[in-house]
Amino acid sequence: MNESGPVKKIAEKAGEVVEAALSGSRPEVPGVPGAEPAQVDEPTDPRPPLPAKPDQAAPAHTSATGRDVGADQDARAQTGEFLTTAQGVRLPDTDHSLKAGPRGPVLLQDHHLREKITHFDHERIPERVVHARGAGAHGVFESYGSAANVTKAAFLGKGAETPVFVRFSTVLGSRGSADTVRDTRGFATKFYTSEGVFDLVGNNIPVFFIQDAIKFPDVIHAGKPHPDREIPQAQSAHDTFWDFVSLHTEATHHTLWNMSDRGIPRSFRMMEGFGVHTFRAVNADGGSSLIKWHWKPKLGVHSLVWEEAQLIAGADPDFHRRDLYDAIESGAFPQWELGIQVFPDTPEQTFEAIDLLDPTKIVPEELAPVQPVGLLTLDRNPTNFFAEVEQVAFHVGHLVPGIDVTDDALLAGRLFSYVDTQITRLAGSNFAQIPINRTHAPVNDMLRDGFHQDAVHSGLAPYKPNSLDGGCPFFAGAEEHAFIEFPTPVAAATKVREAPASFDDHYSQPRLFWLSMSPVEREHIVAAYTFELGKCYEQAVKERVLRTLAHIDPYLCSQVALGLDLPVPKPDEPLAEPQPSAALSQVGRSWPTQGRTVGIIADPDVDLAALEALRRDVLAGDMVPLIIAPTGGKLTAHGAEPVLVQRTFATARSVEFDAILLAGAPAPGADAFGGRDAKAASPAADGAIDPRISLMLAEAWRHAKVIGAWGGGERAVLAAGIPVDAPGIVIGEGGAPVLTEITEILAAHRVWHRFPAPTESAKAH
Ligand code: HEM
């Protein structure tokens, strides 16, 4: 990795954030609401608005026509110390309508009342028809230059630095749905390149449900809540979804990925991203190649376990959004390497017998290695969610010279769909002028007028040819960076509504994926299908899904059939025996632990100086320490510096921590009774340890998380029914050595070998 330029600057900035937290000059725990602490009494002395928080940024200051206007970052913020109308007129009151006397009728002449309520009445815009729930961040992309022989795109030239905005999303849920549902995740990146905007609008799964965009409304209607009762929200575990994917077996591969751990990521920071389609790259000599895009997270690919995902959906529905923003705020800037797989641009558009126009197929990395071409770092949070994350408008047709499309029929529909939907969602055709969507390249189009026109176009002649505006704008050639469609030959053909024969292979790649999974990942897949189908009502739908599973693997099919108490069908034809791809498994490697959350359970009896030292060690290791204590406020003891508490036994839940440390064995808190807090009614309680701690440890144990203890903490581990010599249980003399050991284990994400292997009788079924 190149350690100069923006990458080095980002590393320095990340270091500064951690330093500042350690020196106390900024909050140690992310999530502080404002730039300054609030005071108890309402402030009444006029003062200007507070600045944005240090981790936040807003879109660059370009005009609606792409010109750098050079204003400082705060120029977009509201100004002045007094409340005003939208017209800038100062106001003396906003709590009372204008009335004919204190008990009299409200007067229509109240311009402030009318303006305030009218604006409020129109605050909502339509949510995205898909991918409505998401979170976004600003960052920078630094190109290594290694793609320069494949594409002439300027942002992939050596050392090019390009500002970006990224939005991650789920597909099915509404804007307010939970983050950790089982679903595909969107991974959309807007590159503000010197040649115009390039959007890479991908997913965290490299294949798609359908091969042709004409079926997109069908798959989405099937996945969305049932139209009569509008349930279930953001779930695939219902009859219409499984009805469609079992009748429409080209969905089998994507569905299998969804049922794998990929469907429940631990964090946006720990997901891969894929462009899915094959694109065409064109180099400076006019040579073309076919390419597939890959984002590889520096933190590795990691997932939740299903019970954890379900608990989080209730305990913290914003889990992924919070995780992204907290990581950036604490200086653990997420990074991905962009890579490409490169294939010869042959007339067949096929590589090693894999049809490159079929978006339900991958090309295993073992056949075509992913070549790294640059590094993405997300280092700033949005300042205003609506202005940036909600109004950002991605489009697969936002291409730059050097990157072109192929004849993928799914891509073709997308090329139409995005702008079309945005005309409704963003009310008119001028949404490219919304600050987050503005290009940083000069705009000289002949598009005019429309709702919300921000540009004040000069000139008389928005048409070509003209002489009244001196002929401007003029045509560019390749030397002036024009986007010139690659002259792809189109074979003589007859109009048909058909797909190529190779698109009929719906099972060989699902089998490849299944064979590439480790044993524990396979068990998760079995459990996911069994759960989802267990939530369906229609027997016929379940039986039909089992038929598709019979074409993937007999063990998978028989285990799901066992869970549903249904007969095991046989495949219609012998199963393919593809070569497994090790790159598809998430298990078995070590990764950095940056931004991981470490819960430290303590009570006033622990050594507070040692606790504080441990907290700082966690921070210095680029992780986030959260102290969990019987009550909120501060832990205090005679002669020791108080330690700030972030979670209480009542508010904490195991699922928000990657690792749990016990600095002692906390006795039941004053509120530890079932009538006050149902978590305290845990049957594991032995009377001596707070039952909520026992519950927390039991959950962490079930979810194969690492647990560390010292200073009597061992007693709490035993009281939760956990053997202290089990894998991933670290009992030590003090916080520091335990932290070292648990960090090493955390690098593998989970204590994988704690999950028991399936019993022989289950296997034999
Ligand atoms: C390879 C297949 C596909 C991928 C990877 C994909 C990915 C995405 C992503 C990441 C978003 C969210 C963008 C954001 O964050 O604002 C999105 C939104 C959307 N997608 Fe797709 N999509 C695919 C297929 C399709 C197809 C086939 C259609 C329609 C024919 C479609 C229509 C839409 C629409 C209408 C939106 C909402 C856009 C907006 O309101 O701004 N997608 N898609």
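Order of listing sets the numbers, starting from 1, for every ligand and every atom in it. Keep in mind that what you see is a predicted model, and the values were worked out from it rather than measured.
Remark: minimum distance from atom 16 (O) of ligand 1 to any protein heavy atom is reached at R128 NE, 2.8 Å. With hydrogens left out, the protein atom closest to atom 2 (C) of ligand 1 is F208 CD1, 3.4 Å, a heavy atom. Scanning the protein heavy atoms around atom 40 (O) of ligand 1, the nearest turns out to be R425 NE, 2.7 Å. In this structure, atom 5 (C) of ligand 1 lies nearest to the protein heavy atom N203 ND2, 3.1 Å. Ranking the protein heavy atoms by distance from atom 38 (C) of ligand 1 puts T421 CG2, 3.7 Å first.
In the vicinity of H277, heavy-atom distances shorter than 4.0 Å reach the ligand 1 atoms 1 (C). Against a heavy-atom cut-off of under 4.0 Å, L410 is close to the following atoms of ligand 1: 1 (C), 2 (C), 27 (C). Within the listing of ligand 1, atoms 13 (C), 14 (C), 15 (O), 16 (O) sit less than 4.0 angstrom from a heavy atom of F394. Under a 4.0 Å criterion applied to the non-hydrogen atoms of R167, ligand 1 contributes the atoms 14 (C), 15 (O), 16 (O). Atoms of ligand 1 found under 4.0 Å from any heavy atom of Q422 (numbered from 1 in listed order, with element): 39 (C), 41 (O). Set against the non-hydrogen atoms of V129, the atoms of ligand 1 under 4.0 Å away are 35 (C).
Taking the six-membered ring where tryptophan is involved, the planes of F191 and W295 are essentially parallel, since the angle between them stays under 30° and well short of 60°. Classification of the Y507-H551 ring pair by plane angle, with boundaries at 30° and 60°, yields parallel.
Counting only heavy atoms from C-beta outward, the side chains of V166 and L376 approach each other to under 4.5 Å. At least one side-chain heavy atom of V171 sits under 4.5 Å from a side-chain heavy atom of H131.
Note on atom 21 (Fe) of ligand 1: protein N/O/S atoms under 2.8 Å are Y418 OH.
Each ring pair (Phe, Tyr, Trp, His ring centres under 6.0 Å) pair with one or both residues in residues 363-406, not counting sequence neighbours, appears once here: H395-H398. Residue pairs that meet the ring pair (Phe, Tyr, Trp, His ring centres under 6.0 Å) test with at least one member in residues 411-442, sequence neighbours left out, are Y192-H440.
Interatomic distance, CZ of R128 versus CZ of R175, reported as 9.0 Å (0.5 Å rounding).
Between the side chain of H294 and the backbone N or O of G339 there is no donor-acceptor pair closer than 3.5 Å. In this structure, the side chain of D404 engages the main chain of F486 through a donor-acceptor pair within 3.5 Å. Distance alone, capped at 3.5 Å, places no donor-acceptor pair between the E352 side chain and the L367 backbone.
You'll find the ring centres of W242 and Y529 inside the 6.0 Å limit.
Ligand 1 is approached by G202 to a heavy-atom distance shorter than 4.0 Å.
Not counting sequence neighbours, the partners of F244 by the ring pair (Phe, Tyr, Trp, His ring centres under 6.0 Å) test are H248.
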